[in-house]
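Since the structure comes first, as C-alpha coordinates, the remarks are kept for the end.
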Amino acid sequence: QEFRFGSCQVTGVVLPELWEAFWTMKNTVQTQDDITSVRLLKPQVLRNVSDAESCYLAHSLLKFYLNTVFKNYHSKIAKFKVLRSFSTLANNFIVIMSQLQPSKDNSMLPISESAHQRFLLFRRAFKQLDTEVALVKAFGEVDILLTWMQKFYHL
Amino acid sequence: DAVSVLPAPQNLSVQSTNMKHLLMWNPVTRPGETVFYCVEYQGEYESLYMSHIWIPSSQCSSTKSLECDVTDDITATVPYNFRVKAMLGSQTSAWSNLEHPFNRNATVLTPPRMEVTEHGLHLVIELEDLGPQFEFLVVYWRREPGAAEHVKVVRSGDIPVHLETMESGAMYCVKAQALVKAIGRHSAFSQPTCVEMQGESLPL
(Lines give C-alpha, C1' and ligand atoms only; values in the text may rest on other atoms or scores of the structure.)
Protein backbone atom coordinates (compact mmCIF):
# COMPACT_ATOMS: atom_id res chain seq x y z
CA GLN A 1 0.00 0.00 0.00
CA GLU A 2 1.51 3.31 -1.04
CA PHE A 3 0.71 6.62 -2.67
CA ARG A 4 2.49 7.50 -5.89
CA PHE A 5 1.95 11.16 -6.67
CA GLY A 6 4.05 11.15 -9.81
CA SER A 7 7.61 10.61 -8.66
CA CYS A 8 6.64 11.23 -5.02
CA GLN A 9 6.15 7.97 -3.15
CA VAL A 10 4.46 7.76 0.26
CA THR A 11 4.40 4.59 2.36
CA GLY A 12 3.09 3.73 5.81
CA VAL A 13 -0.43 5.10 5.41
CA VAL A 14 -3.47 2.82 5.15
CA LEU A 15 -6.01 4.87 3.17
CA PRO A 16 -9.06 2.83 4.29
CA GLU A 17 -8.22 3.84 7.86
CA LEU A 18 -8.41 7.52 6.84
CA TRP A 19 -11.78 6.93 5.21
CA GLU A 20 -13.00 5.19 8.35
CA ALA A 21 -11.84 8.12 10.48
CA PHE A 22 -13.62 10.61 8.21
CA TRP A 23 -16.85 8.59 8.08
CA THR A 24 -16.96 8.71 11.88
CA MET A 25 -16.93 12.51 11.69
CA LYS A 26 -18.80 12.98 8.42
CA ASN A 27 -22.35 13.40 9.69
CA THR A 28 -21.28 15.62 12.55
CA VAL A 29 -19.19 17.79 10.24
CA GLN A 30 -21.29 18.04 7.10
CA THR A 31 -24.51 18.90 8.95
CA GLN A 32 -22.72 22.09 10.07
CA ASP A 33 -22.31 23.19 6.45
CA ASP A 34 -25.37 25.24 5.44
CA ILE A 35 -24.08 26.62 2.11
CA THR A 36 -24.42 23.65 -0.17
CA SER A 37 -24.21 25.73 -3.34
CA VAL A 38 -20.54 26.51 -2.86
CA ARG A 39 -17.70 24.05 -3.26
CA LEU A 40 -14.09 24.83 -2.41
CA LEU A 41 -12.48 21.79 -4.07
CA LYS A 42 -14.18 22.58 -7.34
CA PRO A 43 -13.82 20.23 -10.33
CA GLN A 44 -11.34 22.67 -11.90
CA VAL A 45 -9.04 22.16 -8.90
CA LEU A 46 -8.86 18.38 -9.05
CA ARG A 47 -9.93 17.31 -12.52
CA ASN A 48 -7.29 15.97 -14.96
CA VAL A 49 -4.36 16.55 -12.60
CA SER A 50 -1.31 15.03 -14.26
CA ASP A 51 0.92 12.69 -12.31
CA ALA A 52 3.68 15.26 -12.45
CA GLU A 53 1.41 17.99 -11.02
CA SER A 54 -0.07 15.72 -8.36
CA CYS A 55 2.88 15.86 -5.94
CA TYR A 56 2.86 19.67 -5.94
CA LEU A 57 -0.91 19.90 -5.53
CA ALA A 58 -1.08 17.22 -2.82
CA HIS A 59 1.68 19.01 -0.90
CA SER A 60 -0.07 22.39 -1.11
CA LEU A 61 -3.50 21.05 -0.18
CA LEU A 62 -2.31 18.89 2.73
CA LYS A 63 -0.16 21.72 4.08
CA PHE A 64 -3.19 24.04 3.97
CA TYR A 65 -5.38 21.49 5.67
CA LEU A 66 -2.83 20.87 8.43
CA ASN A 67 -1.84 24.49 9.02
CA THR A 68 -5.18 26.20 8.50
CA VAL A 69 -8.22 23.94 8.36
CA PHE A 70 -7.44 21.35 11.02
CA LYS A 71 -5.68 23.79 13.29
CA ASN A 72 -8.58 26.23 13.41
CA TYR A 73 -11.37 23.71 13.21
CA HIS A 74 -10.06 21.69 16.15
CA SER A 75 -12.02 23.55 18.82
CA LYS A 76 -15.27 22.41 17.15
CA ILE A 77 -14.01 18.85 16.88
CA ALA A 78 -13.28 18.67 20.61
CA LYS A 79 -16.89 19.56 21.25
CA PHE A 80 -18.18 16.84 18.90
CA LYS A 81 -16.34 14.04 20.77
CA VAL A 82 -14.58 12.83 17.60
CA LEU A 83 -11.12 13.78 18.73
CA ARG A 84 -9.79 10.30 18.12
CA SER A 85 -10.90 10.15 14.49
CA PHE A 86 -9.63 13.67 13.92
CA SER A 87 -6.28 12.65 15.40
CA THR A 88 -6.05 9.69 13.04
CA LEU A 89 -6.70 11.90 10.03
CA ALA A 90 -4.38 14.72 11.07
CA ASN A 91 -1.47 12.49 12.07
CA ASN A 92 -1.66 10.49 8.86
CA PHE A 93 -1.74 13.74 6.86
CA ILE A 94 1.53 14.56 8.67
CA VAL A 95 3.00 11.21 7.59
CA ILE A 96 2.05 11.92 3.96
CA MET A 97 3.32 15.49 4.08
CA SER A 98 6.63 14.43 5.60
CA GLN A 99 7.29 12.10 2.66
CA LEU A 100 6.14 14.41 -0.17
CA GLN A 101 9.23 16.02 -1.65
CA PRO A 102 8.12 17.91 -4.78
CA SER A 103 11.00 18.41 -7.17
CA LYS A 104 12.53 21.90 -7.21
CA ASP A 105 14.06 21.36 -10.60
CA ASN A 106 13.68 24.35 -12.98
CA SER A 107 12.41 22.06 -15.69
CA MET A 108 9.38 21.39 -13.50
CA LEU A 109 8.46 25.07 -13.17
CA PRO A 110 5.56 25.02 -15.67
CA ILE A 111 4.11 21.98 -13.90
CA SER A 112 4.52 23.35 -10.40
CA GLU A 113 3.00 26.63 -11.58
CA SER A 114 0.01 24.81 -13.03
CA ALA A 115 -0.48 22.98 -9.73
CA HIS A 116 -0.12 26.26 -7.87
CA GLN A 117 -2.88 27.84 -9.95
CA ARG A 118 -5.18 24.98 -9.04
CA PHE A 119 -4.36 25.44 -5.38
CA LEU A 120 -4.97 29.21 -5.64
CA LEU A 121 -8.43 28.48 -7.07
CA PHE A 122 -9.20 26.50 -3.92
CA ARG A 123 -7.69 29.03 -1.53
CA ARG A 124 -9.43 31.97 -3.20
CA ALA A 125 -12.78 30.24 -2.79
CA PHE A 126 -11.87 29.57 0.86
CA LYS A 127 -11.01 33.20 1.52
CA GLN A 128 -14.19 34.47 -0.11
CA LEU A 129 -16.23 32.86 2.64
CA ASP A 130 -16.57 33.85 6.28
CA THR A 131 -13.76 32.10 8.14
CA GLU A 132 -15.97 29.86 10.28
CA VAL A 133 -18.09 28.90 7.28
CA ALA A 134 -14.99 28.22 5.20
CA LEU A 135 -13.46 26.00 7.90
CA VAL A 136 -16.62 23.93 8.21
CA LYS A 137 -16.93 23.58 4.44
CA ALA A 138 -13.26 22.70 3.90
CA PHE A 139 -13.38 20.10 6.63
CA GLY A 140 -16.57 18.68 5.17
CA GLU A 141 -14.81 18.36 1.80
CA VAL A 142 -12.11 16.00 3.14
CA ASP A 143 -14.00 13.21 1.39
CA ILE A 144 -13.52 14.99 -1.94
CA LEU A 145 -9.82 15.29 -1.13
CA LEU A 146 -9.53 11.62 -0.13
CA THR A 147 -11.38 10.58 -3.30
CA TRP A 148 -8.83 12.46 -5.38
CA MET A 149 -5.90 11.04 -3.36
CA GLN A 150 -7.30 7.53 -3.84
CA LYS A 151 -6.43 7.75 -7.56
CA PHE A 152 -2.76 7.75 -6.57
CA TYR A 153 -3.04 4.94 -4.01
CA HIS A 154 -1.70 1.52 -5.00
CA LEU A 155 -2.26 -1.70 -3.05
CA ASP B 1 -10.45 21.32 42.24
CA ALA B 2 -9.15 18.20 44.04
CA VAL B 3 -5.81 18.92 45.64
CA SER B 4 -3.11 16.77 44.05
CA VAL B 5 -1.93 14.73 47.05
CA LEU B 6 -1.43 11.45 45.33
CA PRO B 7 2.07 10.84 43.92
CA ALA B 8 2.15 10.56 40.15
CA PRO B 9 2.74 7.11 38.67
CA GLN B 10 6.40 6.54 37.82
CA ASN B 11 8.44 4.69 35.22
CA LEU B 12 6.07 4.86 32.28
CA SER B 13 7.20 2.67 29.40
CA VAL B 14 5.77 1.12 26.26
CA GLN B 15 6.25 -2.51 25.39
CA SER B 16 5.33 -3.21 21.78
CA THR B 17 5.38 -6.54 20.02
CA ASN B 18 3.80 -7.33 16.64
CA MET B 19 2.00 -3.97 16.56
CA LYS B 20 0.38 -4.52 19.96
CA HIS B 21 1.38 -1.60 22.13
CA LEU B 22 1.20 -1.77 25.92
CA LEU B 23 1.76 1.28 28.11
CA MET B 24 2.93 0.33 31.62
CA TRP B 25 3.74 2.18 34.86
CA ASN B 26 4.61 1.60 38.49
CA PRO B 27 1.79 1.41 41.02
CA VAL B 28 0.75 4.19 43.36
CA THR B 29 -0.11 2.47 46.62
CA ARG B 30 -2.48 3.45 49.40
CA PRO B 31 -2.95 0.70 52.02
CA GLY B 32 -6.44 -0.72 51.87
CA GLU B 33 -7.42 1.53 48.99
CA THR B 34 -7.90 0.98 45.27
CA VAL B 35 -6.11 3.51 43.15
CA PHE B 36 -7.37 4.11 39.63
CA TYR B 37 -5.40 5.45 36.69
CA CYS B 38 -6.29 7.59 33.70
CA VAL B 39 -4.36 7.52 30.41
CA GLU B 40 -4.27 10.20 27.73
CA TYR B 41 -2.31 10.56 24.50
CA GLN B 42 -1.43 12.98 21.72
CA GLY B 43 0.02 12.31 18.30
CA GLU B 44 2.61 14.40 16.52
CA TYR B 45 -0.12 16.65 15.11
CA GLU B 46 -1.46 17.50 18.52
CA SER B 47 1.98 18.05 19.99
CA LEU B 48 3.01 20.28 17.06
CA TYR B 49 -0.16 22.28 16.50
CA MET B 50 -2.06 22.15 19.81
CA SER B 51 0.13 20.84 22.58
CA HIS B 52 -2.50 21.60 25.22
CA ILE B 53 -4.81 18.98 23.65
CA TRP B 54 -4.69 15.47 25.09
CA ILE B 55 -7.04 12.69 24.03
CA PRO B 56 -8.46 10.16 26.52
CA SER B 57 -7.25 6.65 25.72
CA SER B 58 -9.97 4.50 24.21
CA GLN B 59 -9.30 1.69 26.69
CA CYS B 60 -8.15 3.28 29.93
CA SER B 61 -9.92 6.44 30.98
CA SER B 62 -10.27 4.88 34.42
CA THR B 63 -8.53 1.59 35.20
CA LYS B 64 -7.15 -0.26 38.21
CA SER B 65 -4.63 -2.01 36.01
CA LEU B 66 -0.96 -1.03 35.80
CA GLU B 67 -0.98 -1.28 32.04
CA CYS B 68 -3.05 -0.03 29.15
CA ASP B 69 -3.44 -1.44 25.64
CA VAL B 70 -2.97 1.68 23.53
CA THR B 71 -2.92 -0.17 20.21
CA ASP B 72 -6.20 1.41 19.03
CA ASP B 73 -5.02 4.88 20.02
CA ILE B 74 -1.94 4.73 17.81
CA THR B 75 -3.31 5.08 14.29
CA ALA B 76 -0.41 6.70 12.44
CA THR B 77 3.31 6.09 12.10
CA VAL B 78 4.32 9.22 14.00
CA PRO B 79 5.66 9.78 17.54
CA TYR B 80 2.98 9.62 20.26
CA ASN B 81 3.15 11.11 23.75
CA PHE B 82 1.38 9.44 26.67
CA ARG B 83 0.58 10.58 30.18
CA VAL B 84 -0.95 8.85 33.21
CA LYS B 85 -2.37 10.16 36.45
CA ALA B 86 -3.57 8.38 39.59
CA MET B 87 -7.02 8.86 41.06
CA LEU B 88 -8.36 7.94 44.50
CA GLY B 89 -11.81 9.24 45.28
CA SER B 90 -11.59 12.99 44.82
CA GLN B 91 -7.81 12.98 44.99
CA THR B 92 -5.84 13.06 41.75
CA SER B 93 -2.10 13.04 41.18
CA ALA B 94 -0.17 15.19 38.77
CA TRP B 95 0.26 13.83 35.28
CA SER B 96 3.27 11.67 34.63
CA ASN B 97 4.56 11.71 31.03
CA LEU B 98 6.24 8.99 28.99
CA GLU B 99 9.85 10.08 28.87
CA HIS B 100 10.34 9.55 25.13
CA PRO B 101 7.54 9.62 22.54
CA PHE B 102 6.68 6.21 21.12
CA ASN B 103 6.50 5.49 17.38
CA ARG B 104 4.93 2.24 16.26
CA ASN B 105 7.74 1.67 13.78
CA ALA B 106 9.77 0.58 16.84
CA THR B 107 7.55 -2.43 17.49
CA VAL B 108 9.32 -5.79 17.83
CA LEU B 109 8.35 -8.11 14.99
CA THR B 110 8.71 -11.81 15.79
CA PRO B 111 8.92 -14.62 13.26
CA PRO B 112 5.35 -15.85 12.73
CA ARG B 113 4.20 -19.18 14.16
CA MET B 114 3.01 -21.50 11.44
CA GLU B 115 1.64 -24.99 10.96
CA VAL B 116 2.71 -26.92 7.88
CA THR B 117 0.64 -29.99 7.01
CA GLU B 118 0.11 -32.34 4.11
CA HIS B 119 -3.40 -32.89 2.88
CA GLY B 120 -3.15 -35.78 0.49
CA LEU B 121 -0.63 -34.57 -2.06
CA HIS B 122 -0.98 -30.95 -1.01
CA LEU B 123 1.43 -28.90 1.10
CA VAL B 124 -0.65 -26.55 3.24
CA ILE B 125 0.41 -23.77 5.61
CA GLU B 126 -1.57 -21.96 8.27
CA LEU B 127 -0.04 -18.87 9.86
CA GLU B 128 -0.93 -17.23 13.16
CA ASP B 129 -3.39 -14.35 12.93
CA LEU B 130 -1.48 -11.19 13.91
CA GLY B 131 -4.13 -8.71 12.83
CA PRO B 132 -5.14 -6.77 9.73
CA GLN B 133 -1.86 -4.90 9.36
CA PHE B 134 0.12 -8.11 8.75
CA GLU B 135 0.99 -9.93 5.55
CA PHE B 136 3.36 -12.87 5.29
CA LEU B 137 6.12 -13.85 2.91
CA VAL B 138 6.21 -17.64 2.64
CA VAL B 139 9.22 -19.37 1.08
CA TYR B 140 9.08 -23.10 0.31
CA TRP B 141 11.30 -25.58 -1.50
CA ARG B 142 11.77 -29.21 -2.16
CA ARG B 143 14.61 -30.47 -0.02
CA GLU B 144 17.11 -31.71 -2.56
CA PRO B 145 20.36 -30.30 -3.93
CA GLY B 146 19.86 -27.35 -6.25
CA ALA B 147 16.13 -27.11 -5.60
CA ALA B 148 14.64 -23.69 -6.38
CA GLU B 149 12.88 -21.64 -3.71
CA HIS B 150 9.29 -20.58 -4.33
CA VAL B 151 7.78 -17.47 -2.79
CA LYS B 152 4.17 -16.69 -1.96
CA VAL B 153 2.66 -13.61 -0.24
CA VAL B 154 -0.15 -14.56 2.14
CA ARG B 155 -2.45 -11.63 2.87
CA SER B 156 -3.72 -12.77 6.27
CA GLY B 157 -3.19 -15.39 8.93
CA ASP B 158 -5.54 -18.00 10.31
CA ILE B 159 -6.51 -19.29 6.87
CA PRO B 160 -5.02 -22.53 5.42
CA VAL B 161 -3.13 -21.76 2.23
CA HIS B 162 -2.20 -24.31 -0.42
CA LEU B 163 1.45 -24.02 -1.36
CA GLU B 164 2.32 -26.93 -3.64
CA THR B 165 1.20 -30.25 -4.95
CA MET B 166 3.91 -32.62 -3.77
CA GLU B 167 5.47 -35.78 -5.08
CA SER B 168 5.28 -38.79 -2.78
CA GLY B 169 8.46 -39.63 -0.97
CA ALA B 170 9.84 -36.11 -1.40
CA MET B 171 10.49 -33.72 1.48
CA TYR B 172 9.40 -30.12 1.37
CA CYS B 173 10.47 -27.25 3.66
CA VAL B 174 8.75 -23.99 4.48
CA LYS B 175 9.72 -20.77 6.27
CA ALA B 176 7.83 -17.48 6.70
CA GLN B 177 8.29 -13.87 7.77
CA ALA B 178 5.76 -11.23 8.80
CA LEU B 179 5.45 -7.96 6.82
CA VAL B 180 3.89 -4.72 8.11
CA LYS B 181 3.47 -2.15 5.36
CA ALA B 182 2.18 0.54 7.72
CA ILE B 183 5.69 0.76 9.16
CA GLY B 184 7.65 -0.63 6.20
CA ARG B 185 9.31 -3.43 8.16
CA HIS B 186 9.39 -7.24 8.35
CA SER B 187 10.29 -9.87 10.93
CA ALA B 188 13.08 -12.41 10.71
CA PHE B 189 12.24 -15.69 9.02
CA SER B 190 10.86 -18.50 11.13
CA GLN B 191 12.87 -21.67 11.47
CA PRO B 192 12.16 -23.90 8.44
CA THR B 193 9.58 -26.64 8.96
CA CYS B 194 9.95 -29.71 6.76
CA VAL B 195 7.31 -32.25 5.80
CA GLU B 196 7.94 -35.60 4.16
CA MET B 197 5.28 -36.59 1.69
CA GLN B 198 4.32 -40.14 2.75
CA GLY B 199 1.69 -41.05 0.16
CA GLU B 200 1.14 -44.61 -1.21
CA SER B 201 1.80 -45.55 -4.76
CA LEU B 202 -1.44 -45.41 -6.79
CA PRO B 203 -3.05 -48.78 -7.74
CA LEU B 204 -2.44 -49.80 -11.39
Side-chain angles (χ1 to χ4, degrees), chain A residues 1-4 8-25 62-100 135 138-139 142 146 149 153-155, chain B residues 19 21 38-61 68-83 101-107 109 130-137 153-156 179-186:
Chain A
Q1 306 133 326
E2 63 184 27
F3 287 101
R4 279 187 234 123
C8 298
Q9 185 188 11
V10 174
T11 59
V13 173
V14 182
L15 186 54
E17 288 177 3
L18 273 57
W19 275 112
E20 189 181 333
F22 181 73
W23 291 134
T24 309
M25 300 185 278
L62 292 180
K63 188 174 178 183
F64 186 85
Y65 265 86
L66 285 167
N67 292 348
T68 304
V69 178
F70 288 177
K71 185 177 175 186
N72 295 296
Y73 189 72
H74 191 277
S75 52
K76 286 181 184 299
I77 284 287
K79 196 175 59 182
F80 297 146
K81 297 198 180 340
V82 287
L83 268 179
R84 223 168 267 132
S85 300
F86 174 87
S87 182
T88 296
L89 206 55
N91 282 288
N92 277 285
F93 272 25
I94 281 191
V95 174
I96 299 169
M97 267 289 291
S98 66
Q99 294 182 44
L100 286 178
L135 286 171
F139 199 91
V142 163
L146 292 178
M149 291 166 67
Y153 189 67
H154 302 269
L155 288 175
Chain B
M19 296 296 268
H21 320 305
C38 170
V39 175
E40 293 186 344
Y41 69 95
Q42 52 177 205
E44 184 174 18
Y45 181 81
E46 287 79 20
S47 55
L48 283 178
Y49 288 84
M50 42 199 66
S51 54
H52 60 293
I53 293 290
W54 288 83
I55 303 168
S57 168
S58 54
Q59 307 287 327
C60 319
S61 50
C68 175
D69 183 345
V70 294
T71 303
D72 292 341
D73 298 328
I74 298 177
T75 54
T77 306
V78 294
Y80 277 77
N81 292 315
F82 287 93
R83 67 181 187 179
F102 170 75
N103 189 320
R104 66 181 181 181
N105 60 16
T107 193
L109 293 177
L130 292 172
Q133 294 178 323
F134 281 79
E135 292 181 351
F136 304 91
L137 192 75
V153 174
V154 175
R155 296 287 176 201
S156 66
L179 312 172
V180 182
K181 287 188 174 170
I183 58 174
R185 285 183 45 220
H186 57 75

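Letters A, B, ... mirror the listed sequences (proteins, then strands); counts begin at 1.
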Option that, when pairs with chain A are counted at under 4.5 Å, heavy atom only, ranks first among B:P56, B:S58, B:G184: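 Of B:P56, B:S58, B:G184, B:S58 has the most heavy-atom pairs under 4.5 Å with chain A.
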Heavy-atom pair with the smallest gap, counting every atom of [X] and [Y]:
{"X": "A:T88", "Y": "B:T75", "value": "OG1-OG1, 2.7 Å"}
{"X": "A:N91", "Y": "B:G43", "value": "OD1-C, 3.3 Å"}
{"X": "B:Y45", "Y": "A:I94", "value": "CA-CD1, 3.5 Å"}

Pick one of side chain, backbone, both or neither for [X], based on which atoms fall under 4.5 Å of a heavy atom in chain A.
{"X": "B:N105", "value": "neither"}
{"X": "B:R185", "value": "neither"}
{"X": "B:Q133", "value": "side chain"}
{"X": "B:I53", "value": "side chain"}

Can a side-chain donor-acceptor contact be found between B:E46 and A:S87 if the only test is distance below 3.5 angstrom?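 Judged by distance alone, the side chains do pair up.
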If you round to the nearest 0.5 Å, how far is CG of A:N72 from CE of B:M50?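 One finds 8.0 Å between CE of B:M50 and CG of A:N72.
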Atom OG1 in A:T11, atom CD1 in B:I183: separation rounded to 0.5 Å?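 A:T11 atom OG1 to B:I183 atom CD1 measures 11.0 Å (nearest 0.5 Å).
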At a heavy-atom separation under 4.5 Å, does [X] approach chain B through its side chain, its backbone, both, or neither?
{"X": "A:L18", "answer": "neither"}
{"X": "A:F93", "answer": "neither"}
{"X": "A:Q1", "answer": "both"}

